[in-house]
2 protein chains.
Amino acid sequence: MKSYGQYCALARGLDVIGDRWTLLIVRELLAGPCRYSELLEGLPGIATNLLADRLRGLEKHGVVARDAQGRYQLTAWGQGLAEPVHAIARWAAPLMAAPPGDNAFRSSWLALPVAVIFDGTDPGRPPLTIEVRTGDTPLTIESRHGQVRVVPGPAMSPDLVLTGPPDGIIGVLMGALDQASAVSRGVTTHGDLRQLARLRKPPGSVRHR
Amino acid sequence: MKSYGQYCALARGLDVIGDRWTLLIVRELLAGPCRYSELLEGLPGIATNLLADRLRGLEKHGVVARDAQGRYQLTAWGQGLAEPVHAIARWAAPLMAAPPGDNAFRSSWLALPVAVIFDGTDPGRPPLTIEVRTGDTPLTIESRHGQVRVVPGPAMSPDLVLTGPPDGIIGVLMGALDQASAVSRGVTTHGDLRQLARLRKPPGSVRHR
DNA sequence: CTGCATCCGGGCCGATACTG
DNA sequence: CAGTATCGGCCCGGATGCAG
């Protein structure tokens, strides 16, 4: 992309990450190192040459590097994009109220709303294991040591199991849907939904970065 | 722009603000309502039809609205873009170490680094008035009631006056340049630079949103 | 003068085919 | 598996036109 040619941090930042698809590539890499084919799989709709172009650009700018196995991973500076990405996702949360329609979905993308909803470290947050069955593959949300993280695959002995379409799952995780609304959205639950509320941050609490 | 077609908050957000120039238009509007011609002036390099296109798109999506005088302004939702914009600017701060070269610059763009450096409300922050003479027009940084804001135009009786090129000014505001380095960067100061340090946030302090 | 619309050349995007 | 090559089409950028 052509540079904006402006001496402004926003413009110079967008010179690096403003290209189409670039931040979505970063979203994939925020989950950990990825092979080229994994990126293609996680970015339905991208053309292969564009993915190669973007990765070259990100590597040139020092956002992405190759590891020993040739996988792509974020540099320390690239990891810093978690905050802009979360900020955009938080701002765009109202857009998720519209149903997926024919939009593509990968269950790994749930890591983003989970990071936004269960942000930061909270010593008072209880441990909990949630298995989520939606999209292409099951996934586990784990609350441990006051932090919430997402790992691929099913859980061994989950406290809560959520099954259903992605919009319903996100509504339940956000706390926007109660048990009855969740059912009407096609979400079936095994376990007590109220455990989720204890994972969310109380409003006005201190943010840890 | 074509939609990414993904059920993901980041992708859906970028469907709205991911187009080229869009976030720079938002940057301008974060300073307050703007006429079309003011936007053109603050966005050197943009084509007039693109500005019109982007404004239409932002209006359609509910990010921007017209006020009684026909000026463009952010909606309540659009104001929420301050956080993503600040997050990108914070991430891109290292890119500002490279000198402006032939990049364009507007002194009003200093509002962004000022918002990032002197973020939030801090009751312990002393009142202070700084006049900055750089770029196209002078501008005043005011610390009042624990908050720091930028207003156009010179100050009546500033505690500190900074004159010089934009990269030097930003270095001084960040605290990256001491008095001697500032001079070597072409910045002349009237007043005590140490007053600036009292405006910056102590690391690890609580963030208020 | 403000606030756009139109036109057009060039470059980027998107889909497919192909290769080491 | 991990990209490169190619090509049509759309979007971007710059100049110009024009209505209120």
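All chains are named by letter (A, B, ...) in the order of the sequence lines, taking the proteins before the strands, and each is independently numbered beginning at 1. Model, not experiment: these values are computed from the prediction.
- To the nearest angstrom, P of dA2(D) lies 15 Å from CD1 of I25(A).
- Look at R56(B) and D53(B) and you find a salt bridge, because one of the NZ, NE, NH1 or NH2 atoms lies within 4.0 Å of a carboxylate O, short of that distance.
- A sub-4.0 Å separation between OP1 or OP2 of dT2(C) and a side-chain N or O of Y72(B) is absent.
- Residue contacts for R66(B): at a heavy-atom cut-off of 4.0 Å it reaches the sugar-phosphate backbone alone, with no base atom in range.
- Taking atom CZ on R71(B) and atom P on dG3(C), their separation rounds to 11 Å, with Å as the unit.
- Map N49(A) and W21(B) each onto its nearest nucleotide of DNA chain D; the residue landing nearer the 5' end is N49(A).
- Y36(A) places its OH atom 17 Å from the P atom of dT19(C), with the value rounded to the nearest Å.
- Figure legend: R66(A) and Y72(A) shown as a cation-pi pair, the cationic atom lying under 6.0 angstrom from the six-membered ring centre and within 45 degrees of its axis.
- Residue R35(A) places at least one side-chain N or O closer than 4.0 Å to OP1 or OP2 of dA2(D).
- dG3(D) atom C1' lies 15 Å from atom CG of L43(A), rounded to whole Å.
- Place E38(A) and Y4(A) on DNA chain D by their nearest nucleotides, and E38(A) ends up nearer the 5' end.
- Contacts of R56(A) with the nucleic acid, taken as non-hydrogen atoms under 4.0 Å apart, involve only primed sugar atoms and P, OP1 or OP2.
- The separation between L51(B) atom CG and dC12(D) atom C1' is 14 Å, rounded to whole Å.
- Across the interface with DNA chain C, nearest-nucleotide mapping of A52(B) and G45(A) shows A52(B) to be the residue nearer the 5′ end.
- If you measure from atom CG of L40(A) to atom P of dA15(C), you get 13 Å, rounded to the nearest angstrom.
- D53(A) comes within 4.0 angstrom of no nucleic acid atom, judged by non-hydrogen atoms across all strands.
- Between the side chains of T129(B) and E142(B), no donor N or O sits under 3.5 Å from an acceptor N or O.
- D19(B) places its CG atom 9 Å from the P atom of dC11(D), with the value rounded to the nearest Å.
- Atom P of nucleotide dG8(D) and atom NZ of K2(B) are separated by 18 Å, given to the nearest angstrom.
- Counting only distance, with no hydrogens or angles, the side chain of Y36(A) and the backbone of T48(A) share a donor-acceptor pair below 3.5 Å.
- Side-chain to base pairing of T48(B) with dA5(C): one donor and one acceptor N or O lie within less than 3.5 Å of each other.
- For dC12(C), the OP1/OP2 oxygens have no side-chain nitrogen or oxygen of R20(B) closer than 4.0 Å.
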As a quick check of understanding, evaluate side-chain contact (heavy atoms from CB on, under 4.5 Å) for T189(A) and V161(A), giving each step before the final call. CA-CA 6 Å; T189(A) 65; V161(A) 178; over 6 Å; no
